[in-house]
A.B. asks: 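My questions will all concern the structure given below.
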Amino acid sequence: MANVLVVEDDQRVAAEIGLALTEHGFRVDEAMNGSIGLRKAMDGDFDVIVLDRMLPEIDGLALLTKLRAAKVSTPVLILSALSAVNERVDGLRAGGDDYLAKPFEFIELTARVDALARRKMAAEAVSELVVGDLQLDLIERVLHCAGREIELLPKEFAIIEFLMQNAGVLVSRKMIFESVWGYSFNHQSSVIDVHVGKIRKKLDPDGLNPRIHTVRNTGFILRAAA
């Protein structure tokens, strides 16, 4: 049974979320403001944190930034009435793992929390992935390439994790999209190519020793550097 911390200042919403998660089989703890949420997130052993974007005392994104700076890697689902693209981007860049706009259906909330909890358990079962000179620490969520620590955004981390799990195997854009984003693939979207391009640049700034190879009209293969 997974432990979930719900940081939400609206008592009615917090109670409804807690009930939905409890009925789904989670153990739930609650915090009604950012200060209490930060303390509990730092001290507690949680599998997932459900974090409201707008909180008193400490804002949700400020709380998340403090957690990541303290190397707390607990997966975080951000809840927000702010659904604009730039708001979602800010949340993910601050270290969020998923983002759900209000109002939402509780069946979707529990599904997303369940997915994050399963991802954490899988990461703990295998603590490190190694492909050539790439080392991915799944506990601390840190990537090293040829001894250099590579700074990755959450989606970039998820993509390189998926590629390393399937090293040497051709994976399609659809496979990556559904693994990382968890919903149906938009064939018109260039989001995967943009993310992979940024990862490739971080791993190989000079373009001399590629590790991620593009197979035209199909997908990508991760191989150890030559």
A.B. asks: For residues Leu51 and Leu79, determine if any side-chain heavy atom of one lies less than 4.5 Å from a side-chain heavy atom of the other.
C.D. replies: no
A.B. asks: Would you confirm whether Asn33, through its side chain, and Ile36, through its main-chain N or O, come within 3.5 Å as a donor-acceptor pair?
C.D. replies: yes
A.B. asks: Should Glu8 and Lys102 count as an ion pair when the cut-off is N to O under 4.0 Å?
C.D. replies: yes
A.B. asks: Please determine whether side chain to side chain contact (heavy atoms under 4.5 Å, CB included) holds for the pair Met32 and Asp10, giving the CA-CA distance in whole Å, both sets of side-chain angles, and the decisive distance to 0.1 Å.
C.D. replies: CA-CA 7 Å; Met32 302 306 294; Asp10 186 313; over 6 Å; no
A.B. asks: Is any side-chain heavy atom of Val7 less than 4.5 Å from a side-chain heavy atom of Leu55?
C.D. replies: yes
A.B. asks: Does the Thr74 side chain pair with the main chain of Val72, one donor and one acceptor, at a distance under 3.5 Å?
C.D. replies: no
A.B. asks: How close do Ala224 and Val131 get, heavy atom to heavy atom, and via which atoms?
C.D. replies: N-CG1, 4.0 Å
A.B. asks: Any donor-acceptor pair under 3.5 Å linking the side chain of Ser190 with the backbone of Asp193?
C.D. replies: no
A.B. asks: Verify side chain to side chain contact (heavy atoms under 4.5 Å, CB included) between Ile78 and Leu64, making sure each step is shown before the conclusion.
C.D. replies: CA-CA 9 Å; Ile78 300 171; Leu64 181 53; 3.9 Å; yes
A.B. asks: According to a 4.5 Å side-chain heavy-atom criterion applied to Ile, Leu, Val, Met, Phe, Trp and Tyr, with indirect links allowed, do Ile221 and Leu163 form part of one hydrophobic cluster?
C.D. replies: no
A.B. asks: Taking side chain as C-beta onward, heavy atoms only, is Arg223 less than 4.5 Å from Arg211?
C.D. replies: no
A.B. asks: Please report the C-alpha distance between Arg118 and Asp114 in whole Å, then the side-chain angles of each, then the deciding distance to 0.1 Å, and finally whether the salt bridge (charged side-chain N to carboxylate O under 4.0 Å, His left out) criterion is met.
C.D. replies: CA-CA 6 Å; Arg118 284 187 281 107; Asp114 193 41; 3.5 Å; yes
A.B. asks: Please examine the side chains of Phe106 and His24, heavy atoms only from C-beta on, and report whether any two atoms are closer than 4.5 Å.
C.D. replies: no
A.B. asks: Would you say that Asp98 contacts Leu116 through its side chain, given a criterion of any heavy-atom pair below 4.5 Å between the two side chains?
C.D. replies: yes
A.B. asks: Please list all pairs passing the salt bridge (charged side-chain N to carboxylate O under 4.0 Å, His left out) test where one or both residues lie in residues 138-148, with sequence neighbours left out.
C.D. replies: Asp97-Arg141
A.B. asks: Do Met54 and Asp59 come close enough that some side-chain heavy atom pair is under 4.5 Å?
C.D. replies: yes
A.B. asks: Is Leu152 reachable from Ile159 through a run of hydrophobic residues whose side-chain heavy atoms are each under 4.5 Å from the next?
C.D. replies: yes
A.B. asks: With sequence neighbours left out, which residue pairs that include part of residues 16-40 fulfil the salt bridge (charged side-chain N to carboxylate O under 4.0 Å, His left out) condition?
C.D. replies: Arg12-Glu16, Asp29-Lys40
A.B. asks: Distance-only, no hydrogens or angles: does the Asp137 side chain make a donor-acceptor pair with backbone N or O of Glu128 under 3.5 Å?
C.D. replies: no
A.B. asks: Given Lys202, which partner from the list Glu151, Glu156, Glu149 fulfils the salt bridge (Lys or Arg N to Asp or Glu O under 4.0 Å) test?
C.D. replies: Glu156
A.B. asks: If two hydrophobic side chains count as joined below 4.5 Å and joins carry through other members, does Ile199 share a cluster with Val191?
C.D. replies: yes
A.B. asks: Using side-chain heavy atoms (C-beta onward) and a distance below 4.5 Å, is Phe162 in contact with Val171?
C.D. replies: yes
A.B. asks: Would you kindly confirm whether Leu138 and Val180 end up in one hydrophobic cluster when ILVMFWY residues are joined by side chain heavy atoms under 4.5 Å apart?
C.D. replies: yes
A.B. asks: Give the C-alpha distance, both sets of side-chain angles, the deciding distance and a yes or no for side chain to side chain contact (heavy atoms under 4.5 Å, CB included) between Leu67 and Met42.
C.D. replies: CA-CA 7 Å; Leu67 287 181; Met42 290 285 198; 4.1 Å; yes
A.B. asks: More than 12 foreign heavy atoms under 6.0 Å from NZ of Lys66: is that the case here?
C.D. replies: no
A.B. asks: With hydrophobic residues grouped by side-chain heavy-atom distances under 4.5 Å, do Val215 and Met164 end up in a single group?
C.D. replies: no
A.B. asks: Answer yes or no: is there a side-chain heavy-atom contact under 4.5 Å between Gln135 and Leu129?
C.D. replies: no
